Amino acid sequence: MKIKFLVTLTLLIFFNISAQIVNGKIFSNETKTPIPYARVGIEKNKFGVTSDEKGNFSIDLSDQDKNQNIRIEVGGYEPMIFTFNNFISQDNKIFYLSEKVVDIEQVVLSPKKFIQKNWGINAKGKKIQFVYNPEKNKQSLSKELALPFETKKRAKIEKININIAYFESDQPVFVRYNVYDENWNSIISEDLSILMNAQKIKDSEFSFDVSDKFIWVKGKFYVSFQILNSFKGEIALSGTVFKPAFYRENLGNWEKTPTICPSLNIDVKVEK
């Protein structure tokens, strides 16, 4: 009986070591509250998972290259990067992300010095669409879409808008935005996320007011959009063709979309 118990225990230990399944939770270091929908995966790789609305995640690294780094990332926070073995050996599997500190120059927005502009894609048609249906395609939730912008003068982003061709969901949908510099480094100092529902879509447009976030841009930059929680239904973004756009899956490298560009645009205040 003791021998049988010892063999069973040995097999369980061996299985846990070889399986290398990590269950963890992600918190904000400043507020000690869970961070929803953070990315956890292999750096510069499509393989990864997303934490749930309470910051919990489970990732199976059994068949992955042990020479790769593991990265935890979410907009507005400093990413955490581990070697494979260090990530596996973490004691309590609770990870605290620190809020990103961005130096912001104080600027008085005088009407005489700034003008309002709208940049990006404003198509509202239904013939060309980006469709999200997590029940049919789980990869929809791993993709992040981004549009390129460029300005010679300094500008402050006031609103981020997406045009919705079709919206049907059994629950509010968690939407996250990010702003990257020309080298794909995030420049935001806090998480840009919001819940979207049918009531918040006006004239086929869903807008997120970020005027209080002090997001300043100059030169080339990118604005991204991602739907993160699963739902029953289907959401379609309006789109257009032959315009540049980019996407990535989980923490993979950014790639150009084949021909279709989602309808995303931004309201900005630009220096005269």
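Quantities reported herein were computed from a predicted structural model and do not represent experimental measurements. In what follows, residues are counted from 1 in the order of the sequence shown.
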Mind checking whether [X] and [Y] have side chains closer than 4.5 Å, heavy atoms only?
X	Y	value
D65	F84	no
F246	L145	no
Q20	K66	yes
I70	I42	yes
K93	N23	no
I72	F87	yes
Y132	V173	no
C261	L147	yes

Give the minimum heavy-atom separation between [X] and [Y], together with the two atoms involved.
X	Y	value
R71	I81	NH1-CD1, 3.4 Å
Y222	A146	CB-CB, 4.5 Å
P34	F27	N-CD2, 3.6 Å
T257	I260	OG1-O, 2.9 Å
L97	M80	CD2-CG, 3.1 Å
Q64	D60	CG-O, 4.5 Å

Starting at [atom1] of [X], measure out to [atom2] of [Y] and round the result to the nearest 0.5 Å.
X	Y	atom1	atom2	answer
N118	K159	CG	NZ	10.5 Å
K117	W119	NZ	CH2	8.5 Å
I128	L237	CD1	CG	13.0 Å
I121	N161	CD1	CG	12.5 Å
L192	F208	CG	CZ	5.5 Å
I188	Y177	CD1	OH	12.0 Å

Before accepting this row, confirm whether a basic side-chain N of the pair R39/E144 lies closer than 4.0 Å to the acidic partner's carboxylate O.
-> yes

[atom1] ([X]) with more than 12 external heavy atoms under 6.0 Å:
X	atom1	value
K232	NZ	no
K136	NZ	no
K25	NZ	yes
K200	NZ	yes

Between [X] (side chain only) and [Y] (backbone N and O only), is there a donor and an acceptor less than 3.5 Å apart?
X	Y	result
S263	A123	yes
N250	G252	no
S189	G76	no
T50	Y37	no
Q90	N86	yes
E30	E99	yes
N183	N185	no
E249	G48	no
N229	F174	yes

Cluster check [X], [Y]: I/L/V/M/F/W/Y, side chain < 4.5 angstrom:
X	Y	answer
L228	V223	no
I164	I194	yes
I26	Y96	no
V210	V270	yes
Y247	I235	yes

Kindly indicate, with the supporting measurements, whether the criterion side chain to side chain donor-acceptor pair (under 3.5 Å) is fulfilled by N85 and T83.
-> CA-CA 6 Å; N85 289 332; T83 63; 5.9 Å; no

Before giving the answer on side chain to side chain contact (heavy atoms under 4.5 Å, CB included), spell out for K124 and D203 the whole-Å C-alpha distance, their side-chain angles and the decisive distance to 0.1 Å.
-> CA-CA 9 Å; K124 289 189 177 182; D203 189 27; 3.3 Å; yes

Hey, mind stepping through I21 and S58 against side chain to side chain contact (heavy atoms under 4.5 Å, CB included) and telling me if it holds?
-> CA-CA 7 Å; I21 297 173; S58 180; 3.8 Å; yes

Test log, rule side chain to side chain contact (heavy atoms under 4.5 Å, CB included), inputs N178 and Q226 = CA-CA 9 Å; N178 211 328; Q226 189 178 17; over 6 Å; no

Donor-acceptor pair between N163 and S238 side chains, under 3.5 angstrom = no

Given F167 and M196, is the side chain to side chain contact (heavy atoms under 4.5 Å, CB included) satisfied, shown in steps?
-> CA-CA 10 Å; F167 184 94; M196 175 171 62; 3.9 Å; yes

Tell me whether the centres of the aromatic rings in F82 and F95 are closer together than 6.0 Å.
->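 Yes, they do, as the ring centres are separated by less than 6.0 Å.
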
ring-ring contact (aromatic ring centres under 6.0 Å, His included) between W254 and Y180, intermediate numbers included = CA-CA 12 Å; W254 288 93; Y180 299 95; 5.6 Å; yes

So among K152, K218, R154, K156, which one has a side chain to side chain donor-acceptor pair (under 3.5 Å) with E271?
->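 Option passing the side chain to side chain donor-acceptor pair (under 3.5 Å) with E271: R154.
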
F225 ring centre to K143 NZ or CZ under 6.0 Å, with the angle to the axis within 45°?
->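 Pair K143/F225 does not count as cation-pi.
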
